[in-house]
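Predicted model only: the values in this text are computed from it and were never measured. In what follows, chains carry the letters A, B, and so on, assigned in the order in which the sequence lines appear, proteins first and then strands, with residues in each chain numbered from 1.
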2 protein chains.
Amino acid sequence: MSPEQSPPTMADVARAVGVSTGTVSRALRGQPGVSDAMRRRILRAAESLDYVVSPAASGLVTGRTGSVAVLVPFISRWFHAQVLAAAHQVLRGSGFEIVLYHVEGTAERREFFETLPVRRRADGLVVIALSLTDEELARLNGLGMPVVGASTDLGPAPAVGIDDVAGAAKAVRHLANLGHRRIAMIRSTDEEGFHGGVSRRRLAGYEDAMTESGLEVDPALVVSAPWGIDGGARAMGELLSQRTPPTAVFAEADEIAIGALRTLRRAGIAVPGEMSVIGFDDSPMAELLDLTTVAQSVHEQGLIAGRMLVEAVQQARVAEPAVRLETRLVPRGTTSARPGRPGTAG
Amino acid sequence: MSPEQSPPTMADVARAVGVSTGTVSRALRGQPGVSDAMRRRILRAAESLDYVVSPAASGLVTGRTGSVAVLVPFISRWFHAQVLAAAHQVLRGSGFEIVLYHVEGTAERREFFETLPVRRRADGLVVIALSLTDEELARLNGLGMPVVGASTDLGPAPAVGIDDVAGAAKAVRHLANLGHRRIAMIRSTDEEGFHGGVSRRRLAGYEDAMTESGLEVDPALVVSAPWGIDGGARAMGELLSQRTPPTAVFAEADEIAIGALRTLRRAGIAVPGEMSVIGFDDSPMAELLDLTTVAQSVHEQGLIAGRMLVEAVQQARVAEPAVRLETRLVPRGTTSARPGRPGTAG
DNA sequence: CTGAAAGCGCTAACAA
DNA sequence: TTGTTAGCGCTTTCAG
């Protein structure tokens with residue numbers, strides 16, 4: 001009589017075939033205990049009715065949501081988008097829906113950790129490139145669901161990332177090997193604590209390599225500015241205004257290095273002739289601008305994090321819960337031997 | 001006796017306070033018909049038990065999921081990420097969770113439109129920067145949930161975007177006004193149909209402005225290449241190999257224009273001295289590289305799309321269902337008067 | 001203002 | 001192999 005307004009339910013399918021919903025349920029999920037003939041009839045009926053199971057209803061009884069959450073701070077940064085895309089790919093490949101939590105500011109971040117909206121909404125969580133406080137870490141661990149990190153240290157929880165200390169050291173060693181002695185570092189300020197951990201580790205790598213190369217770590221040569229091109233530009237300006245400016249600069253990230261390059265260009269300082277610059281990450285912009293940098297496998301981190309979460313959710317344990325990917329120096333056109341160095345044309 | 005393993009339910013809260021779950025439900029959702037004193041007691045109990053309602057359970061009875069879905073093709077492109085971030089912001093601000101569907105390839109895309117995983121998983125859908133086929137459009141309309149588009153034409157459904165024809169015409173007129181007569185256009189090939197609509201409209205704008213300026217549209221001057229820096233670089237090469245190369249180039253997107261710039265740099269052709277280049281979108285890279293372009297309000301498109309969806313979901317109608325945002329020319333350093341033009345230094 | 005009871009659409013025993 | 005029966009945790013009448 002009345003046309004079906006609301007979507008069909010499993011009962012509709014059962015009725016159409018003339019069986020019980022129990023059988024339909026088993027058939028649809030590929031469970032054993034249904035004859036092949038019956039399964040076919042049921043699948044056909046479901047198809048023709050355009051039926052889909054209600055995740056809410058099934059989730060209510062199974063206790064699983066079929067979704068996983070992704071927490072990511074700056075989606076419009078190349079690195080973050082890249083990791084997200086890769087993780088998304090494997091998670092959807094495993095049948096999960098992805099719930100996105102984008103926390104770009106302090107307010108959103110606090111809101112997330114206070115209310116923990118993931119609770120009861122996801123079966124697991126992957127955290128991308130976020131430096132967590134101890135309290136935040138504790139909140140996540142109290143979530144009662146598996147959590148994995150990509151480029152994020154989660155303490156005991158599974159995580160994939162790189163050795164930032166070693167990576168930064170590679171960059172600085174490269175500069176030292178080129179004969180540079182006054183090597184500066186540009187860090188990002190991080191009042192909001194989004195990537196403080198990475199920044200600290202890359203600083204440590206800088207210091208390690210300096211010491212190892214017999215170079216003095218002059219505190220004046222370590223400057224900070226807000227993350228991004230403008231920040232890098234500003235920091236470079238600061239370095240140029242010093243009594244004895246550096247001859248080479250290691251920037252914590254490519255975007256920062258690119259800002260530095262902008263300042264140098266505007267100041268008419270030749271790169272690499274008068275100043276060498278090296279970044280970190282090997283983003284597409286680095287390639288475009290021929291920026292020497294340290295590469296990491298960004299996409300792969302997303303893939304691995306996704307796989308880890310699938311494992312954690314489905315098998316309750318992760319085979320290899322701490323993966324460190326290699327970094328590698330990518331020499332390009334913004335680094336060269338120190339001006340005035342013996343045997344080198346300035 | 002036995003410690004609570006599973007998260008507390010509403011019944012636990014009710015028991016703690018000594019009321020029925022009906023009352024707890026009303027209290028928690030701020031519904032009328034609960035005394036203030038009772039509501040306070042209930043809120044306190046819920047808080048101290050660390051209780052959160054199960055969206056699955058409440059969704060089962062209300063029929064709403066509390067989530068909205070976002071469909072986006074290339075999350076690592078600046079434009080897409082930007083729109084997504086803005087939409088996410090307003091949607092979360094309205095209390096929705098965001099379910100992300102990232103369809104980067106044909107396979108993923110087809111899978112999405114065939115299985116329509118959003119069904120029963122979201123209360124609405126925003127589609128970002130996707131050129132849809134008629135069948136795809138029909139699938140979305142049959143979804144039974146509100147759909148809005150950002151930089152996406154959805155036929156009758158609400159959408160926000162720009163006037164691509166007019167925007168492209170602005171770019172080309174700028175070049176014509178500078179005295180250029182042989183003006184080329186670089187389009188993106190789009191075998192997979194991801195942004196064919198935009199590309200076609202920008203081509204139409206190019207043709208309009210050419211005709212309007214009394215210039216001939218030479219088919220040889222319209223070249224295509226895969227979207228991105230490499231594509232733009234390749235297309236520029238093609239243009240340079242022609243018998244009578246253009247003196248100015250309009251690229252469908254900044255990323256493509258940037259590729260063109262790379263080729264020109266490598267070829268030793270002065271920009272804008274010997275060749276003018278203009279892009280579209282005004283991405284951060286355009287600013288960095290001092291690329292003349294046509295700007296659009298990307299962030300605002302995301303905000304508006306988000307607001308539209310909230311309206312559609314909550315009020316079942318959108319006050320202003322077709323918003324066209326303005327574009328504006330951003331003259332920078334990659335465009336100048338045609339070489340050899342009277343009164344101009346080549 | 002509050003309680004009782006029915007039921008949302010499904011799954012998971014347990015029977016048959 | 002299939003059906004029956006309880007719920008899963010919540011909202012929503014309808015009574016009181």
Name the closest nucleotide to the B/L60 side chain, picking from D/dG9, D/dC10, D/dT12.
D/dG9

Spacing of B/L28 atom CG relative to D/dC10 atom P, expressed in whole Å
9 Å

Given C/dC10, D/dG3, D/dG9, which nucleotide is nearest the side-chain atoms of B/T9?
D/dG9

Taking any heavy-atom pair under 4.0 Å as a contact, classify A/R29: base, sugar-phosphate, or nothing.
sugar-phosphate

Mapping B/A57 and B/R39 onto DNA chain C by nearest heavy atom, which one lands closer to the 5' end?
B/R39

The side chain of A/T62 lies closest to which of these nucleotides: C/dA13, D/dT11, C/dA12?
C/dA12

Atom CZ of A/R15 and atom P of D/dG3: how far apart are they, to the nearest Å?
14 Å

Measuring from A/I162:CD1 to A/Q301:CD, what's the distance to the nearest 0.5 Å?
6.5 Å

Take A/S48 and A/R44, measure what side-chain hydrogen bond (donor to acceptor under 3.5 Å, both in side chains) needs, and give me the verdict at the end.
CA-CA 6 Å; A/S48 81; A/R44 189 165 317 121; over 6 Å; no

Would you call B/R109-B/E104 a salt bridge at under 4.0 Å N-O?
no

Closest to the A/R26 side chain: D/dT12, D/dG3, C/dA12?
D/dG3

side-chain hydrogen bond (donor to acceptor under 3.5 Å, both in side chains) between A/S67 and B/R121, intermediate numbers included:
CA-CA 10 Å; A/S67 306; B/R121 286 233 163 238; 3.2 Å; yes

Would you say B/T23 places a side-chain N or O within less than 4.0 Å of OP1 or OP2 belonging to C/dC1?
no

Nearest-Å distance, CZ (B/R64) to P (C/dG9)?
16 Å

Can you identify which nucleotide, out of C/dG9, D/dG3, D/dC10, has its nearest atom closest to the A/S20 side chain?
D/dG3

Just to confirm, is there a sub-4.0 Å distance from OP1 or OP2 of D/dC10 to any side-chain nitrogen or oxygen of A/R120?
no

Rounding to a whole Å, what distance do you find between A/Q31:CD and D/dT2:P?
14 Å

What integer distance in Å separates A/R41:CZ from D/dT1:P?
15 Å

Describe, in one word, how the ring planes of B/H80 and B/F74 are oriented to each other, choosing from parallel (under 30°), tilted (30 to 60°) and perpendicular (over 60°).
tilted

Out of C/dT2, C/dC10, D/dG3, which nucleotide sits closest to the side chain of B/M38?
C/dT2

A/M10 has an atom CE; how far is it from atom C1' of D/dG3, in whole Å?
15 Å

Among the candidates D/dT2, C/dC10, C/dC8, find the nucleotide nearest to the side-chain atoms of A/S54.
C/dC10

Counting just side-chain N and O atoms, does B/S35 come under 4.0 Å of either OP1 or OP2 of C/dT2?
yes

Rounded distance (Å) that lies between atom C1' of D/dC10 and atom CD1 of B/I42:
15 Å

